[in-house]
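Worksheet: one structure, shown below.
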Amino acid sequence: MRLSRFFLPVTKDVPSDAAIVSHQLMLRTGMIRQNGAGIYSWLPLGFKVLKKIEQIVREEMDRAGAIELLMPTLQQADLWRESGRYEAYGAEMLRITDRHDRDMLYGPTNEEMITDIFRQYVKSYKALPLNLYHQQWKFRDEVRPRFGVMRGREFLMKDAYSFDVSEEAARISYQKMFAAYLNTFDRLGVTAIPMQADPGPIGGDLSHEFLILADSGESAVFCDKAVLDVPPPGADFDFEDEAALKAEMEKRTRFYAATDEKHDEAAYAAVPEDSRIEARGIEVGHIFYFGTKYSEPMKADVQTPEGKLATIHGGSYGIGVSRLVGAIIEASHDENGIVWPASVAPFDAGIISMKPDAADVAAVADEAYAKLTAASKDPLYDETSDRAGAKFNRMDLIGLPWQITVGPRGVKEGKVELKHRASGEKSDVTLDEAIARITGA
RNA sequence: CGGAGCGUGGCGCAGCCUGGUAGCGCACCUGGUUUGGGACCAGGGGGUCGGAGGUUCGAAUCCUCUCGCUCCGACCA
């Protein structure tokens with residue numbers, strides 16, 4: 001993309017009502033535009049990041065055996081009356097009436113709707129286990145939205161729902177999601193720590209929140225730092241290996257990790273003193289097993305091999321996709337701006353043409369753009385007539401992993417300057433070397 | 001929902017107390033000089049001051065109502 005043709009409204013001034021750094025940076029880089037309390041437009045730069053996160057989440061869910069579909073944002077109230085949550089949910093649920101005076105709602109989550117779809121079609125244990133997910137906008141009418149996309153009212157969430165014939169089988173579905181989440185967050189370039197969460201009405205140990213450590217986090221967290229060093233399951237992890245699934249959970253849950261709500265001073269005291277971490281965290285995922293909470297009232301059951309009816313055991317698994325955009329920035333920025341993990345960066349590299357109206361400089365910069373594009377990379381080509389400082393600062397601000405600077409000085413020697421944003425390391429190399437570094441060739 | 005505050009060009013703000021027909025910085029447009037870490041000079045475009053009502057000869061400024069937004073707390077994926 002040529003910067004002069006892109007829509008990138010960066011600003012120097014920080015909007016006064018942005019309290020945390022990710023919100024400030026998202027506004028300054030023109031990623032989002034606020035349209036109302038907790039409601040945002042995703043401008044091109046922000047939308048690119050959102051789509052990248054969405055795609056990684058999709059790939060990891062698919063790898064774990066979940067199947068994608070798409071449910072609507074608007075739902076019928078009757079469905080929620082069946083589960084009893086229409087009354088129970090409270091003011092956070094945005095209730096709408098259509099022209100026929102029918103009660104509707106903007107979905108805050110989709111357990112009822114997915115259960116309705118499931119019971120409509122699935123009648124046999126043979127179809128299980130089944131895990132269906134979608135990535136769809138949700139609306140929760142928060143009392144006080146804040147921190148930009150970190151606590152918006154409208155937000156993009158990946159929510160998956162598992163269906164199993166028994167609690168034992170549901171446990172395996174749960175473990176698959178647990179492992180898939182670790183891989184997902186790893187690929188997103190962040191470390192998310194699983195923490196025992198409030199188990200809800202069913203009880204047991206099958207509820208975990210995944211938190212990214214960041215100073216602006218809304219939850220206080222206490223953990224054994226050893227949990228941070230456990231590697232993710234990895235790309236070649238076998239999701240059908242039940243022993244491995246169980247092991248992935250146990251590898252982490254044997255270390256202490258809890259939010260303030262579940263914090264146990266006595267258990268924490270047993271953690272070696274130099275291994276204790278007291279920090280703040282941002283919740284980016286939440287998984288839980290809820291048994292027959294929805295299948296019972298909504299009569300979602302299947303026939304067993306014995307020909308009997310069994311009420312299915314369910315679980316649901318959320319990832320805050322839009323929240324992650326802010327959370328990743330909270331976890332990865334410096335005084336000059338955002339430092340995107342390569343996997344979610346809006347562009348793979350920036351090309352700065354120091355003198356776009358000098359033919360020799362333009363030729364090399366054009367070549368850099370063509371070669372990166374040919375190598376299936378997505379570069380942002382700054383061929384504007386802005387001054388050098390403005391270009392450098394802007395490129396640092398938006399935080400692309402690599403910068404290639406093409407100027408008259410280097411061009412004479414057949415060199416360009418390659419800068420790695422995260423380390424700040426700069427080197428004068430030939431264009432082909434720079435391309436090779438960026439493409440990892 | 002309790003407490004506090006704010007709405008004035010795209011963004012950041014001043015003006016309001018002590019009414020007299022809107023100003024600064026950034027951004028934007030034009031010309032010139034510049035050009036390796038947010039240049040300078042000159043000229044220029046754009047706002048009727050969140051909305052409605054009222055007081056007044058006259059309202060961004062005073063009064064009433066209303067809408068919106070933010071912060072602290074409580075709550076919460």
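Note that the coordinates shown come from a computational prediction; the quantities given were computed from them, not determined experimentally. The sequence lines fix the lettering, A, B, ..., with proteins before strands; numbering per chain opens at 1.
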B:G25 pairs with, by Watson-Crick or G-U criteria that keep both distances under 3.5 Å: B:C11
Give none if B:A4 has no partner; otherwise give the nucleotide forming a Watson-Crick or G-U wobble pair with it, both distances under 3.5 Å. B:U70
Salt bridge or not for A:R280 and A:D215, using N-O below 4.0 Å? no
Does a distance-only test, which skips hydrogens and angles, find a donor-acceptor pair under 3.5 Å between the side chain of A:K426 and the base of B:G37? yes
Find the distance A:F290:CZ to B:A77:C1' and express it as a whole number of Å. 15 Å
Heavy atoms under 4.0 Å, any strand shown: does A:G285 hit a base, just sugar-phosphate, or nothing? nothing
Partners of A:Y161 by ring pair (Phe, Tyr, Trp, His ring centres under 6.0 Å), sequence neighbours excluded? none
Given the C1' atoms of B:G58 and B:G31, what is the spacing between them in whole Å? 42 Å
Among residues 55-87 of chain A, which residues get a heavy atom nearer than 4.0 Å to RNA chain B? none
Could you check which of B:A27, B:C76, B:G36 has an atom nearest any side-chain atom of A:E92? B:C76
Not counting sequence neighbours, which residues clear side-chain contact (heavy atoms from CB on, under 4.5 Å) with A:M298? List them please. A:L79, A:E82, A:S83, A:E112, A:T115, A:D116, A:R119
Near RNA chain B, under 4.0 Å by heavy atom, which residues of residues 135-146 of chain A? A:R140, A:E142, A:V143, A:R144, A:P145, A:R146
When the distance from NE2 of A:H286 to P of B:C76 is rounded to whole Å, what number comes out? 13 Å
Salt bridge check: are A:R151 and A:E142 linked by an N-O gap of less than 4.0 Å? yes
Which whole number of Å gives the distance between the C1' atom of B:G50 and that of B:C69? 10 Å
Pairing nucleotide - B:U64, Watson-Crick or G-U, each distance under 3.5 Å: B:A52
So which protein N/O to nucleotides 28-34 of chain B N/O distances come out below 3.5 Å?
from, atom 1, to, atom 2, distance (Å)
B:U34, O2, A:R387, NH1, 2.7

Quick one: label A:G152 by what it contacts on the DNA or RNA (base, sugar-phosphate, nothing), any heavy atom closer than 4.0 Å. base
What does B:G38 pair with, Watson-Crick or G-U, if both distances are under 3.5 Å? none
Atom OH of A:Y161 to atom P of B:A77: distance rounded to whole Å? 14 Å
Output yes when a side-chain donor or acceptor of A:R323 lies under 3.5 Å from a complementary backbone atom of A:E283, and no otherwise. yes
Take atom CE of A:M150 and atom P of B:U70, then tell me their distance rounded to the nearest Å. 15 Å
Under the criterion side-chain contact (heavy atoms from CB on, under 4.5 Å), I'd like the reasoning laid out for A:I438 against A:L418: C-alpha separation, chi angles, the key distance, then a yes or no. CA-CA 9 Å; A:I438 292 169; A:L418 180 68; 3.9 Å; yes
Closest-nucleotide 5' rank along RNA chain B - winner of A:A37 and A:F155: A:A37
Sorted by number, the residues of residues 333-356 of chain A with heavy-atom contact under 4.0 Å to RNA chain B: A:M354
With C1' as the reference atom in both, quote the distance from B:C67 to B:A14 in angstrom, rounded to an integer. 25 Å
Any side-chain N or O of A:Q34 less than 4.0 Å from the OP1 or OP2 oxygen of B:U70? yes
If we take the C1' atom in both B:G20 and B:C62, what is their distance in whole Å? 14 Å
Suppose you measure atom P in B:C75 against the same atom in B:U61; what distance do you get, rounded to whole Å? 40 Å
Measure from the ring center of A:F147 to the ring center of A:H23 and say whether it is less than 6.0 Å. no
Listed by chain and number, what are the side-chain contact (heavy atoms from CB on, under 4.5 Å) partners of A:T97, not counting sequence neighbours? A:D101, A:D103
So, is the end of the A:R58 side chain (NZ or CZ) under 6.0 Å from the ring centre of A:Y133 and within 45° of the ring's axis? no
Can you name the ring pair (Phe, Tyr, Trp, His ring centres under 6.0 Å) partners of A:F255, sequence neighbours left out? none
side-chain contact (heavy atoms from CB on, under 4.5 Å) with A:R187: which residues, sequence neighbours excluded? A:I56, A:E59, A:E60, A:R63
Gap in Å between the two C1' atoms, one belonging to B:C1 and one to B:G45, rounded: 46 Å
In whole angstrom, what separates A:R153's CZ from B:G68's P? 10 Å
State whether A:F139 and A:R153 meet the cation-pi test: NZ (Lys) or CZ (Arg) under 6.0 Å from the six-membered ring centroid, and within 45° of the perpendicular axis. no
Taking A:R28 first and then A:D13, would you say they form a salt bridge - that is, a charged N and a carboxylate O separated by under 4.0 Å? no
In whole Å, I'd like the distance from the CZ atom of A:R151 to the P atom of B:C71. 12 Å
A:T109 and A:E111 side chains, donor-acceptor separation under 3.5 Å: yes
Ring pair (Phe, Tyr, Trp, His ring centres under 6.0 Å) involving A:F237 - partner list, sequence neighbours excluded: A:F239
Any base atoms under 4.0 Å from A:G30, or only sugar-phosphate, or nothing? Heavy atoms, all strands. nothing
With sugar-phosphate taken as primed atoms, P, OP1 and OP2 and all else as base, the protein-contact string of nucleotides 3-14 of chain B at under 4.0 Å (heavy atoms; B, S, -) is --------BSS-
Quick one: do A:E248 and A:R252 make a salt bridge, cutoff under 4.0 Å? yes
Could you let me know what B:G20 is paired to, Watson-Crick or G-U wobble, both distances under 3.5 Å, or none if it's on its own? B:C57
Nearest-Å distance for atom pair CD1/C1', residues A:I20 and B:C71: 14 Å
From CA spacing to verdict: side-chain contact (heavy atoms from CB on, under 4.5 Å), A:T184, A:I319: CA-CA 10 Å; A:T184 303; A:I319 288 180; 4.2 Å; yes
Between B:A59 and B:G53, how many Å separate the two P atoms, rounded to a whole number? 13 Å
In this structure, how many angstroms lie between the P atom of B:G50 and the CG atom of A:N35, rounded? 20 Å
A:I329 vs A:W340 side-chain heavy atoms within contact, under 4.5 Å: yes
Go through residues 388-409 of chain A and report each residue with a non-hydrogen atom lying under 4.0 Å from RNA chain B, sorted by number. A:A388, A:G389, A:A390, A:F392, A:N393, A:D396, A:T405, A:G407, A:P408, A:R409
Does a donor on one side chain and an acceptor on the other come within less than 3.5 Å for A:Y174 and A:H208? yes
Expressed in whole Å, how much space separates the P atoms belonging to B:G9 and B:C49? 10 Å
Between the side chains of A:R2 and A:D382, is the shortest nitrogen-to-carboxylate-oxygen separation below 4.0 Å, so that they form an ion pair? no
Without hydrogens or angle criteria, can the side chains of A:T311 and A:E296 be said to hold a donor-acceptor pair below 3.5 Å? no
